[in-house]
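To find a chain, count down the sequence lines: A is the first, B the second, and so on, and within it residues start at 1.
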Number of protein chains: 2
Amino acid sequence: MAKGLRTHGYKLTAQRLAVLQVLREGNEHLTPAEVLDRGRKIYSRLGMTTVYRTLELLRKLGFVRRVHGAEGCRAYAEARERDGHHLVCQACRRVVDFPCSGLNELIEHTARRTGFAVESHLLELAGLCPACQ
Amino acid sequence: MAKGLRTHGYKLTAQRLAVLQVLREGNEHLTPAEVLDRGRKIYSRLGMTTVYRTLELLRKLGFVRRVHGAEGCRAYAEARERDGHHLVCQACRRVVDFPCSGLNELIEHTARRTGFAVESHLLELAGLCPACQ
DNA sequence: GGCCAATTGAAAAGACTTTTCATTTGGAGC
DNA sequence: GCTCCAAATGAAAAGTCTTTTCAATTGGCC
Ligand SMILES: [Mn+2]
Ligand SMILES: [Mn+2]
Ligand SMILES: [Zn+2]
Ligand SMILES: [Zn+2]
């Protein structure tokens with residue numbers, strides 16, 4: 001994942017590595033403020049501005065996913081499944097990715113019915129993880 | 001839809017009727033600020049605080065849906081399809097609802113695979129409407 | 001090692017949302 | 001219709017979150 005940054009021409013900085021590590025170590029979704037807190041334990045000079053910028057960068061590169069929920073729409077989790085979706089535990093905030101397959105049929109059917117040219121989709125399931133049930 | 005307010009024990013105010021009318025007249029998703037602008041053409045004393053409160057109320061009652069997109073996550077559109085999902089045009093912001101059917105199979109499969117007890121789901125498709133293609 | 005564009009972060013600015021609280025009002029009851 | 005009061009409202013203030021600015025720092029190519 002760190003290699004991906006270099007691949008795309010971005011510098012490998014301590015700040016970016018710290019944010020990456022934070023997102024990888026937790027299986028949960030985190031707000032920018034939470035990423036800052038945890039990131040500073042890894043690299044104490046980390047700043048909030050950089051957290052915002054880094055999270056957006058990682059999202060554009062596909063390493064990170066945004067989680068939309070009742071509590072808020074600005075939380076991030078590592079994207080473990082390429083082009084996948086995610087399932088969120090409402091109790092412990094754990095995030096589990098799952099593959100996209102099986103949705104295409106529904107999307108194509110809806111596209112035909114409505115005449116829309118569908119370019120992207122967002123699917124998020126919420127519930128309770130095995131440990132929290 | 002206005003009847004639904006009374007049914008649930010809420011007062012029928014000019015402000016609420018104005019917000020309802022705004023959401024019904026546009027087929028697009030609107031931010032609170034846009035709802036305020038348009039709502040004031042119907043009821044000029046409408047205030048921003050009331051717009052926020054009314055949009056959340058209507059969402060809880062199921063008359064209105066939130067639209068999550070690249071441009072932002074706080075936009076609302078009328079929920080025309082009960083328990084449905086929506087398709088958003090990235091050009092003209094038109095929103096079209098479609099029924100939920102066809103997704104249950106995928107959800108149940110994912111629930112079985114992950115052990116999660118799925119309680120809710122969010123599905124949003126984005127693309128170009130027929131007129132904008 | 002030197003160089004320089006990319007990156008960073010503190011501070012300021014900006015944007016958005018919620019709370020407060022005095023005033024207004026819908027509608028139930030008469 | 002009129003009275004009454006809890007619900008609703010909105011201007012202002014407060015609070016929260018996010019982006020911009022810009023001078024200083026730094027990663028990585030030479
Ligand atoms: Mn959102
Ligand atoms: Mn559904
Ligand atoms: Zn859990
Ligand atoms: Zn369109």
Fill in the blank from the handout: Residue pair A/L57/B/Y10 against DNA chain C: nearer the 5' end by closest nucleotide is A/L57

Practice task
Among D/dG10, C/dA10, C/dG9, find the nucleotide with the atom closest to the side chain of A/R40.
Solution key: C/dA10

Problem - Rounded distance in Å - CG (B/L46) to C1' (C/dT25) - result: 15 Å

Practice task
Answer yes or no: does a side-chain N or O of A/T49 lie under 4.0 Å from OP1 or OP2 of C/dT8?
Solution key: no

Exercise for the section: Round to the nearest Å and state the distance from B/E34 atom CD to C/dT17 atom P. Expected result: 12 Å

Handout entry: Phosphate OP1/OP2 of C/dG9: any A/T50 side-chain N/O under 4.0 Å
Key = yes

Completion exercise
Interatomic distance, CD@A/E25 vs CD1@A/I42, rounded to 0.5 Å, equals 5.5 Å

Problem - side-chain N/O B/R16 vs D/dA8 OP1/OP2, d < 4.0 Å - result: yes

Handout entry: For A/E34, the option from A/K41, A/R93, A/R74 that meets salt bridge (charged side-chain N to carboxylate O under 4.0 Å, His left out)
Key = A/R93

Practice task
Could you tell me the separation between the OH atom of A/Y52 and the P atom of C/dC16, rounded to a whole number of Å?
Solution key: 14 Å

Fill in the blank from the handout: Between CZ of A/R45 and C1' of C/dT8 the distance, given in whole Å, is 9 Å

Problem - Under 3.5 Å: donor-acceptor pair, side chain of A/R66, backbone of A/C73 - result: yes

Completion exercise
From the list B/R65, B/R24, B/H86, side-chain hydrogen bond (donor to acceptor under 3.5 Å, both in side chains) with B/E78 holds only for B/R24

Handout entry: Below 4.0 Å: OP1/OP2 of C/dT8 and any side-chain N or O of A/T13
Key = yes

Completion exercise
Sorted by position of nearest nucleotide on DNA chain D, 5' first, the leading residue of A/P32 and A/Y43 is A/P32

Handout entry: Spacing of A/L58 atom CG relative to C/dT7 atom P, expressed in whole Å
Key = 12 Å

Practice task
Round to a whole Å and report the spacing from CD of A/E56 to C1' of C/dT7.
Solution key: 17 Å

Handout entry: Base D/dG28 to side chain A/R6, donor-acceptor N/O within 3.5 Å cut-off
Key = no

Practice task
Quick one: pull up NE2 in A/H121 and CG in B/L123 and give me the separation to the nearest 0.5 Å.
Solution key: 8.0 Å

Problem - Upstream residue (5' side of DNA chain D) when A/R53 and A/M48 are each assigned their closest nucleotide - result: A/M48

Handout entry: Rounded interatomic separation in angstrom, taking CG from B/L55 and P from D/dG10
Key = 13 Å

Problem - Between D/dC17 (P) and A/Y76 (OH): distance, integer Å - result: 14 Å

Fill in the blank from the handout: Per atom distances to the B/K11 side chain, the nearest of C/dA5, D/dC17, D/dA8 is D/dA8

Practice task
Ignoring backbone atoms, test whether A/Q15 places a side-chain nitrogen or oxygen under 4.0 Å from the OP1 or OP2 oxygen of C/dT7.
Solution key: no

Problem - side-chain N/O A/R74 vs D/dT19 OP1/OP2, d < 4.0 Å - result: yes

